[in-house]
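Some notes on the structure that comes next.
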Protein chains: 2
Amino acid sequence: MKNLFSILFLILFSLGAQAKDGYELWLDYQPISNPQLRNEVSSLFSGVYFFGQNPTFDIVKKELAISGLKLVNQDPVFRTERLNPTKLWLGTREQLSQVLGLQQQVEIQKLDEDGYWRGPIDFQGNTYYAIIGNKPVGVLYGVFDWLKSIQTETFNLKSEKSDYPKVKLRMLNHWDNLDRTVERGYAGFSIWDWHKLPGYIDPRYIEYARANASLGINAVSLTNVNANARILTTDFMKKAKVLADLFRPYGIKVFLTARFSAPMEIGGLKTADPLDPEVISFWKKKTDEMYSFIPDFGGFLVKANSEGQPGPHEYKRTHAEGANMLADALAPHGGILIWRAFVYSHEIDEDRHKQANLEFVPLDGKFRDNVIIQVKNGAIDFQPREPFHPLFGAVKNTNLGMEFQITQEYLGQATQLVYLAPMWKEVLDTKTYSPSSNSTVAGIVDGSDSNQKLTLMAGVSNIGTDRNWTGHLMAQSNWFAFGRLAWDPYLSSEEIASEWIKMTFGQKPDSNAKIKEIMLDSHEAAVNYMTPLGLHHIMGRSHHYGPGPWVEGGRADWTSLYYHRADSLGIGFDRTDSGSNALAQYAPEIANSWSDPTQIPEKYLLWFHHLPWDYRMKSGNTLWNEIALHYDQGVKSARKMKSTWDSLEGQIDPERFSHISQLLAIQVQEAEWWRNACLLYFQTFSNRPFPSEIEKPEGDLEYYKSLDFPFAPGIRPRW
Amino acid sequence: MKNLFSILFLILFSLGAQAKDGYELWLDYQPISNPQLRNEVSSLFSGVYFFGQNPTFDIVKKELAISGLKLVNQDPVFRTERLNPTKLWLGTREQLSQVLGLQQQVEIQKLDEDGYWRGPIDFQGNTYYAIIGNKPVGVLYGVFDWLKSIQTETFNLKSEKSDYPKVKLRMLNHWDNLDRTVERGYAGFSIWDWHKLPGYIDPRYIEYARANASLGINAVSLTNVNANARILTTDFMKKAKVLADLFRPYGIKVFLTARFSAPMEIGGLKTADPLDPEVISFWKKKTDEMYSFIPDFGGFLVKANSEGQPGPHEYKRTHAEGANMLADALAPHGGILIWRAFVYSHEIDEDRHKQANLEFVPLDGKFRDNVIIQVKNGAIDFQPREPFHPLFGAVKNTNLGMEFQITQEYLGQATQLVYLAPMWKEVLDTKTYSPSSNSTVAGIVDGSDSNQKLTLMAGVSNIGTDRNWTGHLMAQSNWFAFGRLAWDPYLSSEEIASEWIKMTFGQKPDSNAKIKEIMLDSHEAAVNYMTPLGLHHIMGRSHHYGPGPWVEGGRADWTSLYYHRADSLGIGFDRTDSGSNALAQYAPEIANSWSDPTQIPEKYLLWFHHLPWDYRMKSGNTLWNEIALHYDQGVKSARKMKSTWDSLEGQIDPERFSHISQLLAIQVQEAEWWRNACLLYFQTFSNRPFPSEIEKPEGDLEYYKSLDFPFAPGIRPRW
């Protein structure tokens, strides 16, 4: 009760005032306090000149109007004549060609179609600050980068900066159903109000586009990969068209998910066989119709023959035959077909880990040029920590895209602060040793270590109708970090965290350092209290909320027992050659070292090895004690995150302080729940006592097993 | 496309600024421009003295802090000593007894426990402005009324005002499911985030309580009447407790829906027979447990033996036996049992209209004192216009409560502006002629025309997670109007509209007059384009979105054919003695006059009469032409609403202007859709041409019948 009233007090305190509810995201544009910077920026806003006109520049103007008012309390002055006293120049390389040297033009041209250059230009005795792109959207990206440099107080009027995205398609995947539920959504419901479209435009659509453009995200798939064919009907195309029209000036292309059985469900055909002429004709017509509404439609995203979704295997056709049929319908319009590698079925292998490679490696070279195979970062399913997916490096003539999950399905969902950039970076930075000894996952994804031109990084969105977009305000950092890494996979997670914190909470070095510490500790904390040392997929059944190491029955590879394989002798999944031999799917350099439990990084140990409870770890502890201590360390880390945050009271506005403080309190409880439930459960196999430093669990194993969450978010509830 | 860009422009224009998104509801507290009023109010805020301390006064202080800052840009000065220069006095009658005359104390005491008095008090040579309640919540109500008088510029420092609620329980019914879907919800999803409770308190819970308290709403049922027994488990009680604790200082009691079969579903019993000792014991223990968490728990709301919900009839027990068993469990704690009269089954009568009376009149006098029978305003189901429910006036020894539907299930849902106060007033003002010749529905509901002491007005909530709370911003007026009428059923809908408009849009006489005109025209417009002249229940199947006069098959009294009974001879439901004789359930004064098609108000004509297509109306038109012209008039009215609103461009902030303008455009389309679909359909029976002034429909009947809305909001979608 005491706690309730202190929270209530904080909330009451923030009512009525201009509460910081997180809606502004990282585009809050707090007033600049540094006087020199303020003067410089103010001066630039006092004379803005565009070298041309187009819908994207209208967006840029609006962004300058919003930011000018907020940063320096000044409406930008837009000049219609360059000869007027102008300060800030904006335009494409071509538009500025008369004021640029040839050398500079060549250098800007090298920046790719989405790149930008910004910096001082001397022209006829005056110096201007220019932001130049090869296309209008490059100008937009340059402006957002410039505004970021102001927000983070790194802007230097005298220095140049140029940048370009390393990956061609930087894409959000929404797993949003047409009834506005969101599969694995923890931030309310879908922001797409299909029922009110095309007649009603929610202002949020525009804010969404702004936020994505500010990161360089240039593609969105609006609908769930567990697709509904209705999205391909004319009525829904008219709705999608409105969104595409709105997003176009922001440089964002719309994709939709295509249900493989759509020819039967909405086309009246008796088959969806990809080689059937009527099916081919159905998709061609559907695609042509789509382009009649959306001339720059991005393409289709397909989940086929996976978890019950229909696909070409029903007709004894390969993934390549299925994907190519759709790709051929899209090709005349310049569309792209994205086919997910997350495919598995009972029949193919006893280890789900191996299935994507078993299915896709034999098809290498058989996909059309406009097909991308979208591969999850790991071979199982977005676990708190996974070794990289062995398909990266295993094919040479197939476009591979990366699929990360921004929404925290297995990582604390709505109630936990877990900054995901370190997890993604761990995968991106890993050496694959194939195609060459220096190859990394990032290098394959961005094409620098592979010969693919069509590159993709996709993130499964964590966006919903919650006022702060992402449910947990701190989860905004994951949307941000995904966008930044899709633009440049070589950025560090520290760097990205620093940017986001400054843009979100303003310039407060002391509290920002503590927020950064919390963020950077959070992923390892979650791994420790959920699935340390390579344990995986031991969450509650179906909703994946909280611990469920006891989950058994039903489809084997959807149970926890399948993955942890605990028994009286030990624990872990043997994927060496004495077991499933999934390790053989990696390059020999990896397979060899990871096959040896003393060489494999211990964080992956139980992912690949089944080891005795008394196995001696590098620390000197037995495996059982080491597992227990990792779980306990996770709890301690969560508590530290909470106490660090609470030390910021008074330094953070009360609404955001209370929001995050409350959620961190839940996170501590959930960490304790995870530790207690998992250790009590695994103890039934290990038959060993807890190390003495571990607190006695509050409940017994039966209590933890009895907990039931039929209305957990992100799933269709059990009634 | 042109339209899209003009909307986009409006939206862009409102980004970044302090957009008026409707979140503040009618508590926006716009700055006062009238200088005299400003000075007076400012002076009162400069010396505020509370005669006591309690959690409700803390809420009052907060409300003064919010409103002072916004209305007169002044933080209120709270004095701890009365002798300091204080101006505004607040407290209960008892607390102020030393400064009040005896006569005045007596008069305030008469105002009932929720009443308040406010006005000038002379004391020891000085004049103070005092707001006094019999209880702390009366002070809260008095303060909200005082703030309203400032917002509407009707405050007079020198005059007194006292008021008290005419109805004891002023209640919202949320039809919110535990998975956050809302049955018949058109404003997003449930604001109750059960998953994050009890750990996380959404600031919105407080705003919700504030808004309700500002209207005098003092009870809320949190869960759907199609109930889930899980809400009665200990885990969920702990969640509900948090909400009850938050709402308590606002004078709001929490009710929950009780699923009659809960003893079997969560109690492990084999029966839910209300006379079974184990069942009785289950409910007693459950209720005791509930009160251990929520000592002032309001009670249960039950839908039983209706539309498939379980109830006492399964055990051959009466509604009274079912209700009394629950009432007995609640009585020791002071709890109330609300039992819905919306019960019907195939067996009881061929006319659903008659069923509630057939079931409840024989039980008159058999219900416990702490039972209220909650009766919908009409006998069918929240139709655009219904004659009052014949149960009002038909029982003498049963507590009857009124159930209105604020959410617009049958009245345009998310996309139509329909101000409902005129519809509710039409029912409340109707004379029932029983128990006495002067009785009205309002008089029965508030107890002045009946001998019931426990009175109730309930409204099915239109609140959801949409930022503006109600989906359509103008639908906030329905929440507001419901609250005002529950407080005082004798207010006029014009008066309520005026208050709401001023509090929502500020003091702008010109535009406010136009907004009021739109609101007051809107209900009759909707009746005309949906169900004129007594037609009813001809909406689309299940979702009730748009026209579905052709709906047939399945349960008869869920089809349109059952209700309109159109055939080659005529149209309408014969409820006279030549038909179902439902009219006999009304007092003879009504039954006699309404049995005569020339005497019944024509707005109810086809509700009670089946008449030939060529029947001559008072206008001189044939019935067929009159129907057609009413539909057309509805379209014309919708168009006028739209053009009137659009004339306000520039006078309303761009965000709200665009929001409402877009939705009115949809409303016009939907009005046309209704007219065209219904007239084309009924024409297949009438075989008569449309009157010449009617526009040719865009589509044919087959087109309108083909429209399909599997993802319409407010229902469980068909996949």
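Per chain, numbering begins at 1; letters A, B, ... match sequence-line order.
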Exercise. Assess the side chains of A:Asp179 and A:Thr181: does a donor N or O sit below 3.5 Å from an acceptor N or O?
Key: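 Yes, A:Thr181 and A:Asp179 have a side-chain donor paired with an acceptor closer than 3.5 Å.
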
Exercise. Would you kindly say whether B:Gln416 and B:Gln408 are connected by a side-chain donor-acceptor distance under 3.5 Å?
Key: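 Short answer, no.
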
Practice problem: Flag the one option from A:Thr415, A:Leu663, A:Thr465 with the top tally of heavy-atom pairs under 4.5 Å to chain B. | Solution: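 Most heavy-atom pairs within the cutoff with chain B belong to A:Leu663.
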
Quiz item: Among A:His659, A:Lys196, A:Arg467, which has the most heavy-atom pairs under 4.5 Å with chain B?
Solution: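 Highest number of heavy-atom pairs under 4.5 Å: A:Arg467.
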
Engaged part of [X] at the chain A interface, taking heavy atoms whose separation is under 4.5 Å:
{"X": "B:Arg180", "value": "both"}
{"X": "B:Asp193", "value": "neither"}
{"X": "B:Tyr545", "value": "side chain"}

Quiz item: Which of these, A:Leu27, A:Asp28, A:Val72, A:Leu147, sits in a side-chain contact (heavy atoms from CB on, under 4.5 Å) with A:Ser67?
Solution: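 Only one option passes, and that is A:Leu147.
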
Quiz item: Less than 4.0 Å between a side-chain N and a carboxylate O, is that true for A:Lys62 and A:Asp58?
Solution: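 Looking at A:Lys62 together with A:Asp58, the answer is no, because their closest N to O distance does not fall below 4.0 Å.
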
Quiz prompt | Cationic N near anionic O, under 4.0 Å, A:Asp235 to A:Lys239 | solution =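 Answer for the salt bridge query: no.
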
